[in-house]
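Just so you know, ligand 1 is whichever comes first in the structure, and atom 1 is the first atom listed for that ligand. This structure is a prediction, so every number in the text was calculated from the model and none was measured.
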Amino acid sequence: MSIADNIKRLKKETDPIKVTLLAVSKTKPVEEVREAYDAGQRLFGENMVQELVEKQEHLPKDIQWHIIGHLQTNKVKYIAPFISMIQSVDSLKLLQEINKHAEKNNRVIDYLLQIYIADEETKFGLGFDEAIELLRSEELATLKHIRIRGLMGIATNTENEKQIKDEFYELKTFFDGIKQSYFRKDKTFDTLSMGMSSDYKLAIEQGSNMVRLGSTIFGSRVIKHWKNN
Ligand SMILES: *Cc1c(COP(=O)(O)O)cnc(C)c1O
């Protein structure tokens, strides 16, 4: 199936149930992003700042770009002029930096807090307690050029469906609790980003409203950063 076919098939699956489709185009060339764009896709996710900056220069300006990978504070300035959402926020320090550069660009930048749900040590993100601490901090309330839109999580990379389901269930429960406690009157706290190619159906079952799909759309990725010495 072509990229366009994949986009159309996935949109048919997600549009009617109001799940937003983020096309993860990391490692994929501009021409393939363009193909998805021509099929109607406007939301794209990347995990490397330099790759994102280079691609966006060559692609239509109405694309909404999301950063989904760990973001270093010293890279924020490169994406602040155009980024639509930062899904991988995991510290107050990063938010302060995003706020600073958003202000310089005279805009407000949307973000998700990345919550750690996987049973793996390599995954970035905040624990439930750390997320609450951040949301309660007085410092956060002073940052006027950022806007929280919800939460993001990555499940464990496992064949064990029960475990994946449990992790998504926990994040959905946490999301609902946070919404109730801190954002009851705030309609813009509305995004729960969970689910990738291997587990997006489980994520949707558990209440995700944004899925981040790469290989299901573009085919499998070649490992680019192979260490050969
Ligand atoms: C790469 C990536 C995805 C997409 O992965 P696929 O398995 O190709 O769908 C989604 N979310 C994050 C955070 C990623 O890094």
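- Looking at E161 and K165, no side-chain N of the basic residue comes within less than 4.0 Å of a carboxylate O on the acidic one, giving no salt bridge.
- Follow the hydrophobic side-chain contacts under 4.5 Å out from I154 and you never reach L43; the two are in separate clusters.
- Between F183 and I148, the closest side-chain pair of non-hydrogen atoms falls below 4.5 Å.
- When each atom of ligand 1 is checked for a heavy atom of R212 under 4.0 Å away, the hits are 4 (C), 9 (O), 10 (C), 11 (N), 12 (C), 13 (C).
- In summary, K100 and E97 engage in a salt bridge, as defined by a charged side-chain N under 4.0 Å from a carboxylate O.
- Not a single heavy atom of Q87 sits less than 4.0 Å from an atom of ligand 1.
- Ligand 1 places these atoms under 4.0 Å from at least one heavy atom of I154: 13 (C).
- Heavy-atom contacts of S197 reach the following atoms of ligand 1: 6 (P), 7 (O), 8 (O), 9 (O) (cutoff under 4.0 Å).
- Within 6.0 Å of CD in Q50 there are 12 or fewer heavy atoms belonging to other residues, nucleotides or ligands.
- Within the listing of ligand 1, atoms 9 (O) sit less than 4.0 angstrom from a heavy atom of L213.
- Note: an N/O pair closer than 3.5 Å links K26 and ligand 1 by distance alone.
- Between the side chain of S137 and the backbone N or O of L140 there is at least one donor-acceptor pair closer than 3.5 Å.
- Nearest protein heavy-atom neighbour of atom 5 (O) of ligand 1: M196 CE, 3.5 Å.
- Checked against a 3.5 angstrom limit, the closest N/O atoms of G214 and ligand 1 fall inside it.
- Atom 12 (C) of ligand 1 has as its closest protein heavy atom I68 CD1, 3.5 Å.
- In this structure, F218 and F44 have tilted ring planes: the angle between them lies in the 30° to 60° band.
- For T216, no nitrogen or oxygen atom sits less than 3.5 Å from a nitrogen or oxygen atom of ligand 1, counting backbone and side chain alike.
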